[in-house]
Amino acid sequence: MSVDTLELSGLLHTHFGYGEFRPLQEDIIQHVLSGHDSLVLMPTGGGKSLCYQLPALCLDGLTLVVSPLISLMKDQVDSLRANGIAAAFLNSSLTMIEQAHIQQEAANGQIKILYIAPERLAVPAFQSFLQDVTVSLIAIDEAHCISQWGHDFRPDYRLLSGLRAHFAGVPIIALTATATDRVRTDICEQLRLQAPKVFLSSFNRPNLTYHVAPKKNSFDTLLTLLRKHPDASAIVYCFSRKDTESLAADLVAEGFKASPYHAGLNADVRRETQEKFIRDEVPIITATIAFGMGIDKPDVRLVVHMDMPATVEGYYQETGRAGRDGLPSDCVLLYSAWDRKKHEFFIGRITDDAERANATQKLDRIMAYCDHRRCRRQFLLTYFDEEWTDDNCESCDRCLEKTEAFDATEVTQKILSGVLKTGGRFGAQYVCSVLLGRNEKAVRERGHDQLSVFGIVRDFSDAQLKLLMGSLIEQGLLMRTEGQYPVLQVTEYGMQWMQEGKAIQLARPTTNTAFSKTDDRQIVSFDQGLFGELRALRKSLADERGVPPFIIFGDRTLQEMATYIPQSRESMARISGVGDKKLQEFGTLFANVIRQYAADHQLSEKPMPAGLVRQERRRERTVGQKGSTYDETKKLLQQKVPLAEIMRQRQLSEGTIVQHIERLVQADEELDIHYLRPSDDDYRTIVDAFHLKGSGILSPVFSHFNGRYSYDMLRLVRALLVSDTSA
Ligand code: ADP
Ligand code: ZN
């Protein structure tokens, strides 16, 4: 089956309220609808769910979604239902009676999307249920769980291997945010996917800003960050369970709402903490890495690592929990050399040699990330084998840092001499101590306080000196050895440079970059006061319904409302995230609050920039405007000019004219289009099919007729139906 683009974007707008597809979404959806298997690799927040949810709406039967986490199923289903989509889940949290009821509804065709946990496939009652329903699509979420090479192997996922054979001809779509080549191949093999098309999206998260800062007054730094994101959700990762508790207590003492989370807390406490976080009751969680797996909160604005994590993989995954909704969010890592020691202590206990070496190597890489002198984003993406050629990402501390070039010849000579005179056997920290002339025991014991280089650097701080060492590594004058105790050494090129005594320029920061640029980014144009009121309304509606606030509307939606101050139904419908169902259910409530606020603060509605409004909606806005393309079509329709003649006069295709008709009818234009009715027989047949399919969606009706009627014809009849009911 193929569905035309206009129809897909129509569904995207009607059901989800979104203006346009994210990268790859439309291609994936078309591929799924064409009946073939696919593997989708997209980062967290990339918009994977839509890739099976939208096809589910186009297809006749049931879409089965396999998902590993019970906690997430409920949120997914709640959020689909809030959009007016018939969805349900089956898992062990339901009673037998509830389960039987849902199966009955699914068998009756009253449910379009059914979420299940993999173990359900082994339940005999479920197996016989599957005999009774038409399954049109199978989606496997978190597909890496099927691979033992992944980080989250779940034996129950192996039950999915039988699906391909059992549901011959039903497309399977496997989705994951984490997959190395090995896991990727494994997923396809284990699921027995048939010639699957692999969709690999960029793993760049453009809305995340990455910062790394040395651990110095880290609590104050944390307070600054939290104040920068008032009331917003934040996750603060700590090294130990004890740290999470003391940090939460310190934050509470400062007046923040914070709770600790770690695997040592009992299950009830953990559940309650998660729940409060998701419901926006406790915005800050101080946690060990145990926190995050079962959480899909879209509006986490800040992820802070109070200690260096153990691997780049872990870091990318933990920071990935920020900003799933696409709004700007900060990821900050605070580190010190001491962090390395803490990890080494645990690595030292690993008995398997290869495993230990592997862990050490990973630690080296994350250290390298912290010390990296250039774009953090580039480091991360290159780490995951993605090519990234952009020189300045404008959203990491390195790219935001303002630097100036200075003549570094003298200080470079001093640094290289320091490394040589201490024998090339020490790390950056130690060499700094010598160069700065620190009266330290380790230095004295080795007699390095007697060296000519002891204390020769005067006008640079420890941190500046380390930055310069980093630059010299990049320039190839110094190198850092690998392994457990990396040391600095002068390279051959460095030796040569010293002999030649050439001048060298290096860059040094002119501003304290501590999170400055993101500060600017926070000054977005929305009205904070109104945003606060809309959030309060969202929270109370969510509580009434027993769902998390983001199910009602996401932050982006509220921010758009607080920017454009929409007060009418029409302008409300243009806000991203406001689909038909939500418009109907919440539109008036939100518009009332906006109207009141606007009156109190003398605000008025603002026009939306074209970029925000999707193409079709832009066209819609021209409906009714004098001289618009719609107006011309409208005039001809009023004169009851036949369709073919309108096409000829306007030099437009049938599809475009029908689309004009749809828009005009939807815009409530007084327009009699009955003269366009096809023959009574055709008209009745098509109308019956719309009733049979129970919705105004074209594709099921199109496939019902096996192509006997064109999409344009179906659209025209649908428009006639609409104009009938509105008359
Ligand atoms: P993933 O499963 O890949 O982590 P989700 O499917 O949860 O991502 O989507 C992340 C967020 O992006 C959700 O809030 C979702 O509603 C939103 N989203 C998805 N597709 C679009 C789109 N085309 N336009 C706007 N928002 C979208
Ligand atoms: Zn950058």
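For ligands, and for the atoms within them, numbers begin at 1 and follow the listed sequence.
Test Y335, Y237, Y369 against Y315 for ring-ring contact (aromatic ring centres under 6.0 Å, His included) and you get one pass: Y369.
Atoms SG of C375 and SG of C393, as seen from the Zn ion (ligand 2), are separated by an angle of 110°, to the nearest 10°. The Zn ion (ligand 2) forms the vertex of an angle spanning SG of C396 and SG of C399; to the nearest 10 degrees it equals 100°.
From I552, atom CD1 reaches atom CZ of R538 across 9.0 Å, with rounding to the nearest 0.5 Å. Atom OG1 of residue T563 and atom NZ of residue K606 lie 6.5 Å apart, to the nearest 0.5 angstrom.
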Criterion ring-ring contact (aromatic ring centres under 6.0 Å, His included) on Y564 and F526, from CA distance to verdict:
CA-CA 8 Å; Y564 300 106; F526 66 85; over 10 Å; no
Checking side chain to side chain contact (heavy atoms under 4.5 Å, CB included) for the pair E318/C331: CA distance, chi angles, key distance, verdict?
CA-CA 9 Å; E318 282 136 31; C331 306; over 6 Å; no
For ring-ring contact (aromatic ring centres under 6.0 Å, His included), just list the numbers for Y115 and F89, CA-CA rounded to whole Å, side-chain angles, deciding distance to a tenth of an Å, and then say yes or no.
CA-CA 4 Å; Y115 283 77; F89 62 84; 8.2 Å; no
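No donor-acceptor distance shorter than 3.5 angstrom exists from the side chain of Y316 to the backbone of F384, with no hydrogens or angles considered.
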Atom pairs and distances, ligand 1 N/O vs protein N/O under 3.5 Å:
residue	atom	partner	partner atom	Å
ligand 1	3 (O)	G46	N	3.3
ligand 1	3 (O)	G47	N	3.1
ligand 1	3 (O)	K48	N	3.0
ligand 1	3 (O)	K48	NZ	2.8
ligand 1	4 (O)	G45	N	2.6
ligand 1	4 (O)	R324	NH2	2.6
ligand 1	6 (O)	K48	N	3.4
ligand 1	6 (O)	S49	N	3.1
ligand 1	6 (O)	S49	OG	2.6
ligand 1	8 (O)	G47	N	3.2
ligand 1	12 (O)	R22	NH1	3.2
ligand 1	12 (O)	R22	NH2	3.1
ligand 1	16 (O)	Y18	OH	2.4
ligand 1	20 (N)	Q25	NE2	3.0
ligand 1	23 (N)	E20	O	2.8
ligand 1	23 (N)	Q25	OE1	3.1
ligand 1	26 (N)	R22	NH2	3.4

